[in-house]
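Lettering of chains follows the sequences in order, A, B, ..., and the numbering in each one begins at 1.
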Number of protein chains: 2
Amino acid sequence: MEIEKKISRKEEIAREATRLFREKGYPATSMRDLAAELGIEAASLYSHIKSKEEILHKVCFRMAENFFLAINDIDQETETTTEKLKKSIIAHVEVLTEDTNASIVFLNEWKHLSEPYLSDFIKMRDTYEHRFREIVLEGQRNGEFKYMDEKFAVLTLLSSLNWIPNWYKNYGKLDPTQIGNQLSSLVLSGLKNGI
Amino acid sequence: MEIEKKISRKEEIAREATRLFREKGYPATSMRDLAAELGIEAASLYSHIKSKEEILHKVCFRMAENFFLAINDIDQETETTTEKLKKSIIAHVEVLTEDTNASIVFLNEWKHLSEPYLSDFIKMRDTYEHRFREIVLEGQRNGEFKYMDEKFAVLTLLSSLNWIPNWYKNYGKLDPTQIGNQLSSLVLSGLKNGI
DNA sequence: CCTACCGATCGGTAGG
DNA sequence: CCTACCGATCGGTAGG
């Protein structure tokens with residue numbers, strides 16, 4: 001019971017910290033800001049967490065894991081490349097919208113990680129983007145997509161997806177699957193018609 | 001001549017500060033970091049600039065002005081809405097790629113402005129986005145574009161454009177007009193075919 | 001452009 | 001979870 005209480009308090013701290021990191025950015029968020037939001041003294045935070053960076057680290061790597069898990073079983077299935085890309089986009093949007101604060105911290109604050117975490121993080125992100133590039137290339141090989149620089153296409157795709165957490169919360173009209181579907185159609189019509 | 005020297009030193013400081021703000025973020029860049037890059041003491045910066053925020057302010061508002069100037073005369077011309085949107089996209093990309101450091105600071109660090117500059121900045125950005133929404137709506141009214149939520153379309157468009165400064169420098173294959181053309185085709189095929 | 005320095009604030013620790 | 005506190009660093013000023 002005491003352990004349970006500790007874990008839950010730790011999660012509470014992490015959640016509030018994530019919200020502040022999103023709002024003010026990681027360097028501009030002080031441990032005193034965070035403590036004040038939780039109604040305690042800054043020093044008291046350290047009975048629950050090891051350091052400020054520990055929180056950032058956990059958010060960034062947990063989100064990275066979520067993104068990988070979401071697209072992991074898609075490749076196995078035998079289906080059209082178009083369907084594969086569409087499912088990947090929807091999976092990505094679902095992770096992005098599940099916790100918009102954590103998503104924005106993941107997308108914007110990772111650069112404040114120290115080594116060796118920073119290098120690990122960048123490697124993971126590159127691997128993830130590579131998966132999308134492979135799908136686009138496959139579609140070009142089997143004729144489902146027109147030729148187009150696959151890096152350009154994937155950067156364009158992911159950047160439009162990754163902006164979603166900035167407006168999703170107050171938008172309200174669409175759920176993640178609908179957003180994924182709309183964005184899929186938008187980008188797929190470009191891939192299918194060529195540019 | 002002494003005045004010229006002072007102005008040029010001030011610009012040198014602003015340029016180096018912009019580079020650091022882009023790399024580390026505004027709050028994580030100290031005036032001592034900046035001074036060290038320029039080979040002087042931190043205190044010496046203050047004979048050229050008033051404050052750290054003055055630099056951020058100038059970058060953000062100069063870029064905002066650049067974006068407005070670039071699309072300002074497009075509306076006047078009588079042409080198809082498709083052409084109007086295409087020209088606006090190319091103009092936007094040209095500003096984005098002209099100084100990628102300044103663009104990224106403009107896009108990511110504006111939130112560290114203090115009031116009343118912060119509110120002014122947000123107002124300008126909203127006005128700018130409004131211009132793009134109006135073009136999309138016009139295209140829907142005259143039948144050039146299929147119906148689609150115009151906020152969604154513009155957010156998707158601008159977010160994919162605004163990622164360009166993050167990869168443009170090292171990409172090398174395309175110039176701003178070509179990038180604008182490719183991205184226009186990509187998004188226009190979505191707008192024209194509907195989603 | 002420098003030296004010398006200011007008060008404020010930072011992340012974090014000791015000890016309870 | 002607190003009080004009391006640490007050394008380091010912050011943006012910026014005084015005075016030259």
Side-chain angles (χ1 to χ4, degrees), chain A residues 1-60 105 109-115 117-118, chain B residues 1-60 105 109-115 117-118:
Chain A
M1 185 140 129
E2 207 180 37
I3 290 174
E4 266 176 30
K5 214 164 121 198
K6 252 189 169 173
I7 290 174
S8 130
R9 189 56 165 157
K10 190 170 181 173
E11 277 166 9
E12 204 177 341
I13 291 169
R15 187 155 26 96
E16 189 57 35
T18 305
R19 199 185 65 78
L20 289 173
F21 292 168
R22 180 239 178 107
E23 194 178 300
K24 302 153 99 75
Y26 175 76
T29 302
S30 75
M31 298 307 270
R32 284 158 180 85
D33 290 337
L34 175 55
E37 291 287 328
L38 295 161
I40 58 175
E41 293 300 317
S44 306
L45 292 167
Y46 291 90
S47 45
H48 301 284
I49 58 157
K50 283 202 280 277
S51 68
K52 184 185 178 185
E53 188 175 352
E54 184 200 31
I55 307 175
L56 179 64
H57 178 274
K58 288 210 171 160
V59 174
C60 289
V105 171
E109 307 300 325
W110 58 266
K111 67 179 165 192
H112 301 291
L113 288 166
S114 62
E115 296 291 356
Y117 310 117
L118 182 60
Chain B
M1 189 143 128
E2 206 180 38
I3 290 175
E4 266 176 31
K5 215 166 123 196
K6 252 191 170 174
I7 290 174
S8 130
R9 190 54 164 160
K10 190 169 181 174
E11 276 165 10
E12 204 177 342
I13 292 169
R15 187 155 25 97
E16 188 57 34
T18 305
R19 200 185 64 78
L20 289 173
F21 292 168
R22 179 240 178 106
E23 195 178 300
K24 304 153 97 78
Y26 176 76
T29 302
S30 74
M31 298 307 272
R32 284 158 180 84
D33 290 337
L34 174 56
E37 291 287 329
L38 295 161
I40 59 175
E41 293 300 317
S44 305
L45 292 167
Y46 292 89
S47 45
H48 301 285
I49 58 157
K50 281 201 280 277
S51 68
K52 184 184 178 187
E53 188 175 352
E54 184 201 31
I55 307 175
L56 178 64
H57 178 274
K58 288 210 172 159
V59 174
C60 288
V105 171
E109 308 300 327
W110 58 267
K111 67 179 165 193
H112 301 291
L113 288 166
S114 62
E115 295 291 357
Y117 310 117
L118 182 60

Secondary structure of DNA chain D per the Watson-Crick/G-U criterion (both distances under 3.5 Å; [ ] crossing, | other strand, . unpaired) is ||||||||||||||||

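Between A/D33 atom CG and A/L20 atom CG the span is 6.5 Å, to the nearest 0.5 Å.
One finds a side-chain N or O of A/R9 lying less than 4.0 angstrom from the OP1 or OP2 phosphate oxygen of D/dC1.
Closest contact between the side chain of B/H48 and the listed nucleotides C/dC1, C/dG12, D/dC1 involves C/dC1. Distances from the side chain of B/S47 to the nucleotides D/dC10, C/dC1, D/dT13 place C/dC1 closest. Side-chain atoms of A/Y46 lie closest to C/dT13 of the nucleotides C/dT13, D/dC1, D/dG11. Checked against C/dC5, D/dT13, C/dC1, the side chain of B/R32 finds its nearest nucleotide in C/dC5. Side-chain proximity of B/A43 to D/dG12, C/dT3, C/dG12: nearest is C/dT3.
At least one side-chain heavy atom of A/M31 sits under 4.5 Å from a side-chain heavy atom of A/I49. Using a 4.5 Å heavy-atom threshold, the side chains of B/R19 and B/K24 count as separate.
Between the P atom of D/dT9 and the CG atom of B/L34 lies a distance of 18 Å, rounded to the nearest Å. A/I49 places its CD1 atom 10 Å from the P atom of C/dT13, with the value rounded to the nearest Å. If you measure from atom NZ of B/K52 to atom P of D/dT13, you get 15 Å, rounded to the nearest angstrom. The separation between A/D33 atom CG and D/dC10 atom P is 18 Å, rounded to whole Å. The interatomic distance linking B/H112 (NE2) with D/dG11 (P) rounds to 13 Å, in whole Å. In this entry the distance linking CD of A/E41 with C1' of D/dA4 reads 11 Å, nearest Å. Protein atom CG of A/L45 is 9 Å distant from nucleotide atom P of D/dC1, rounded to whole Å.
Comparing A/A42 and B/E53, the nucleotide of DNA chain D nearest to each residue sits closer to the 5' end for A/A42. Of the residues near DNA chain C, A/K50 and A/S30, the one whose nearest nucleotide (by heavy atom distance) lies more toward the 5' end is A/S30.
When atom types are taken as modelled, the side chain of A/E53 and the backbone of A/S114 share a donor-acceptor pair closer than 3.5 angstrom. Remark: the backbone N or O of B/T29 is paired with a side-chain donor or acceptor of B/K52 at under 3.5 angstrom. Using modelled atom types, one side-chain atom of A/E54 and one backbone atom of A/K50 make a donor-acceptor pair closer than 3.5 Å.
Judged as a side chain to side chain contact (heavy atoms under 4.5 Å, CB included), and not counting sequence neighbours, the contacts of B/E41 are B/S44.
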